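Have a look at the structure below before the remarks.
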Amino acid sequence: GAVVSQHPSWVICKSGTSVKIECRSLDFQATTMFWYRQFPKQSLMLMATSNEGSKATYEQGVEKDKFLINHASLTLSTLTVTSAHPEDSSFYICSANPYFIYEQYFGPGTRLTVT
Amino acid sequence: AQTVTQSQPEMSVQEAETVTLSCTYDTSESDYYLFWYKQPPSRQMILVIRQEAYKQQNATENRFSVNFQKAAKSFSLKISDSQLGDAAMYFCAYSMYSGGGADGLTFGKGTHLIIQP
């Protein structure tokens, strides 16, 4: 149990376009989902926390107008990178937290390449 | 702000030997969680072990154990009987305790563990 999926696993888009990444908890309801960014050979950086039905909380330095997060249901959160630029190329990982259980389950990640 | 420091970018150990990965952190909180995550080449994050700060007893999971020194803000991971499958990046992570569900994680820079056959 406790499986989190991400779609797509790899996406290539042109500079200036927008791309949406989905994060789904497959067998549990997630009151909270987290989005992380990982540059090559580097650590994970928390970008934002999303709670179902409310606005996401962004970490300092993360542009909320560029990285739109929507936690539409208890099993789905989406990250939309708007007007993508090559510097947005990165590995994006989500994690999901079941209600009142202190555990984060990670998705397999999405590689974004902006050309 | 909380910080997590891993001072060993890379470690190498012979198969079947024991290796210890170091981690220090900085926080003004008294209640928090500490984690070790493994990230193999597939990049899937795998939880290795978790420690609640209020627990004095060090966490253990089979061949993996931690040495948690709260006063020193130190949280090292010991891997016994190293196996080839243990080769991966290992990240130390910190999370505040919010009283409900999980909080976002602050990660260290990671230690690349190499297992020599």
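Just so it is clear, the structure is predicted and the values come from calculations on it, not from any experiment. Numbers restart at 1 for each chain; the letters A, B, ... are given by sequence-line order, proteins then strands.
- No part of B/Gln6 comes within reach of chain A, as not one of its non-hydrogen atoms sits under 4.5 angstrom from that chain.
- For the pair A/Glu103/B/Arg50, a side-chain contact is recorded, criterion being any heavy-atom separation below 4.5 Å from C-beta on.
- Under the 4.5 Å side-chain heavy-atom criterion for ILVMFWY residues, a single connected hydrophobic cluster contains both B/Phe91 and A/Phe34.
- Here B/Gly104 is the residue among B/Gly108, B/Ser42, B/Ala93, B/Gly104 with the most heavy-atom pairs under 4.5 Å with chain A.
- Hydrophobic clustering places B/Tyr32 together with B/Leu77 (ILVMFWY residues linked when any side-chain heavy atoms are closer than 4.5 Å, directly or through intermediates).
- The contact between B/Ser95 and chain A is made by backbone and side chain atoms together, counting heavy-atom distances below 4.5 Å.
- For A/His7, the NE2 atom counts as loosely surrounded, since its 6.0 Å shell holds 12 or fewer non-hydrogen atoms of other residues, nucleotides or ligands.
- Linking Ile, Leu, Val, Met, Phe, Trp and Tyr whenever their side-chain heavy atoms come within less than 4.5 Å puts B/Val4 and B/Ile49 in one cluster.
- Of residues 35-70 of chain A, those residues lying under 4.5 Å from chain B by any heavy-atom pair are A/Tyr36, A/Gln38, A/Phe39, A/Gln42, A/Ser43, A/Leu44, A/Leu46.
- Other residues, nucleotides and ligands contribute over 12 non-hydrogen atoms within 6.0 Å of the CD atom of B/Glu10.
- The number of heavy atoms from other shown groups lying within 6.0 Å of NZ (B/Lys73) is above 12.
- Heavy atoms from other residues, nucleotides or ligands lying under 6.0 Å from NZ of B/Lys70 number more than 12.
- Hydrophobic clustering of Ile, Leu, Val, Met, Phe, Trp and Tyr side chains at less than 4.5 Å, counting indirect connections, keeps A/Leu112 apart from A/Ile93.
- Residue A/Glu87 qualifies as enclosed at atom CD: its count of foreign heavy atoms under 6.0 Å is above 12.
- The line from CD of B/Gln39 to CZ of A/Phe106 is 9.5 Å long, rounded to the nearest 0.5 Å.
- Interface residue B/Leu47: only side-chain heavy atoms are found under 4.5 Å from chain A.
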